[in-house]
Structure formats: structure tokens, C-alpha cells
Number of protein chains: 2
Amino acid sequence: MNSDPDDAVFRALADSTRRRVLDLLRERPRTTGELSEQFATSRFAVMKHLQVLVAAGLVLVERRGRERWNRLNPAPIQRIQRRWLRRFDALAASAQLDLKDEIETQAASAKRRRTRA
Amino acid sequence: MNSDPDDAVFRALADSTRRRVLDLLRERPRTTGELSEQFATSRFAVMKHLQVLVAAGLVLVERRGRERWNRLNPAPIQRIQRRWLRRFDALAASAQLDLKDEIETQAASAKRRRTRA
DNA sequence: CCAACAGGTGACTATCGGGTCACATGAACA
DNA sequence: TGTTCATGTGACCCGATAGTCACCTGTTGG
């Protein structure tokens, strides 16, 4: 029901097996069978993961005879970095300071609470 | 089972409601009740989402009297960008070229297949 | 004190997601 | 041609997760 294309990418990245698949495909394209050998789970499970990755646009498929070559498409990862993750970069720069302020505020209010009690 | 701290972050980001919470907290800290008002779902659902975000280290909590102030911690997002997502930046730079090569290869092999059949 | 208020917990339900298997499809090659 | 091989599909199981609700805890402030 969520038609946001970024949502499919985030959900695809949520699984560690799928992230490992992307890491493997980063080196070079691989067939479905070749990928399956790298995992403890069954070939069918890996195929389902590939379906999720294809639906998110993270993997492109080329069929060659009876083989299926899976190729990485890094564009969606770039997209979510541009459209969403980078928003937090500026905040991170001052995070240490913010956190320090926060702890001091917390300690001060805790002291106030103790005093009144 | 999966003790990778990055995994908790990726799973936390997989839900669009949680991403909206982070967007709201990016502006300023907010109480649980204030956050709940922004969503169609119940206060309890939002609280569960906050628990997930806290477990992933994305949200820090400060209690003030009967209020709970939720504050964004951008560090985990920075971490997954550094440790994982940036690996794909270099590939993305040449993605257009790769895709072009791929399509040509595909067309050529399709032609070969047609000829042999 | 005590009533209104903000927040939190535990149990429960429904749905989703990951995993498996039996079986189907379609290409390669002797 | 027919057997072997790589891949794909559908149904099914089960644990995880999002959601709700009844009820509890602790705080505020008259």
C-alpha cells in the first residue's frame, strides 16, 4: 500500500542477507545459483530475497540461456542518500555538543527534582 | 540473534512511520504525546515505534516530570553511511556507462540466440 | 489530599516476512 | 530426442511485528 519508491529500498536494506547479496554483487554480477552457494539458507530463500531487491530496483536481471545474471544497480542507494539520509549530516556535526548539553540539562533537572523531593 | 548494531538501525529505518518520527525530531525534541498527535495511529503504536528507535540508538530519551522528551541522535545514521552505504558511491558514478554496456551485450546475445535458433 | 493528566505495560489479534518443499519450465548438449 | 541442469512458482508453516485495548504508574497543581 505504501507506493513510495524509497520505502521499498529501505525495506530491502533491512535484511542482513540482502545486504550481503548486494555486497557480493558489488564485485561483479552473479547467477542465482552462485549466490545461493554463499548462504546457509536454501536457494528458494535467496531467490525471494532477489525478488525483493529487484522490486526495489537494487538488482537488475539479465537472462542468458538457462542462467539468470543478477547485477547491482546502485542508483536507489544513491537516491535515498540524497533524498533522506543527508538531511542528518548537518545535525551529526554538532551532535557531540548537543549530547553534552543534554546530559548537563538532565543532571540539572535531576538535581532540581531531588531537592524538591 | 543478529547482534550487528547496524542491523538494528537498518530495521528501524525500514518503517515509514519511524522515518517520519525522525524527521519530526530533526527539527526539535518532542514529547511522546506531541509526536502521537502527528499520526493517525494510536499513542501506543507510536510508543512502540519509539522503543524500536531507542533500541537502535536513533532516539535519546530524557524524562522531565511526567513528560518524556524524545531527542534525535543522528550518529547511527552517519555510521551506516560511513560503514556501508558509501561503498556504493563509486559504482554509482559509472552506473550509466555500465548499464549502457549491459544493454548492448544483452542485445548482441539476443541476436546470437535468434540466429542459432 | 486528590483529581486530572502524561506516560508506560502486558496481553491479545492480525498481518507480514522469511523459510521450506513439491513441482513446473525451459535451455544445453550428448 | 531425451536427460540433465539452472531457474522459477505456488502453497504452506512459523516467528516477528504493527496495531489495539484495558489497566497501571507516577506527576502536577489546586
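In what follows, every chain begins at residue 1, and chains take the letters A, B, ... in the order their sequences are listed.
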Nearest whole angstrom, please: distance from the P of dG18(C) to the CG of L50(A). 13 Å
Side-chain atoms of D15(A) come closest, of dT20(C), dG18(C), dG19(D), to dG18(C)
Close side-chain approach of L22(B) to L13(B), heavy-atom, < 4.5 Å: yes
Please give, in whole Å, the distance from dA18(D) C1' to D7(A) CG? 14 Å
Tightest non-hydrogen contact, residues V9(A) and P76(A), listed as CG2-CB, 3.7 Å
Determine: side-chain N/O of H49(B) to OP1/OP2 of dG19(D), distance under 4.0 Å, yes or no. yes
For R87(B), which residues count as a salt bridge (charged side-chain N to carboxylate O under 4.0 Å, His left out) partner, sequence neighbours excluded? D23(A)
Across nucleotides 2-14 of chain C, 5' to 3', mark each nucleotide with B, S or - according to how protein heavy atoms within less than 4.0 Å reach it. --BBSBBB-----
Once side-chain contact (heavy atoms from CB on, under 4.5 Å) is applied, do any residues pair with D15(B), and if so which ones, sequence neighbours excluded? T17(B), R18(B), H49(B)
Under the side-chain hydrogen bond (donor to acceptor under 3.5 Å, both in side chains) definition, can you give me all pairs with a residue in residues 35-48 of chain B, not counting sequence neighbours? none
Does a side-chain N or O of S42(B) approach OP1 or OP2 of dT20(D) to a distance below 4.0 Å, or not? yes
Sorted by chain and residue number, the side-chain hydrogen bond (donor to acceptor under 3.5 Å, both in side chains) partners of R66(B) (sequence neighbours excluded) come out as none
Checking R68(A) against N70(A): is there a side-chain donor and acceptor pair closer than 3.5 Å? yes
Please report the end-to-end axis angle for the helix from dC1(C)-dG30(D) to dA30(C)-dT1(D), five pairs per end, rounded to 10 degrees. 20°
Please report the closest heavy-atom contact between Q81(A) and D89(B), naming both atoms and the distance. NE2-OD1, 3.3 Å
Whole-Å distance between dG18(C) C1' and R11(B) CZ? 13 Å
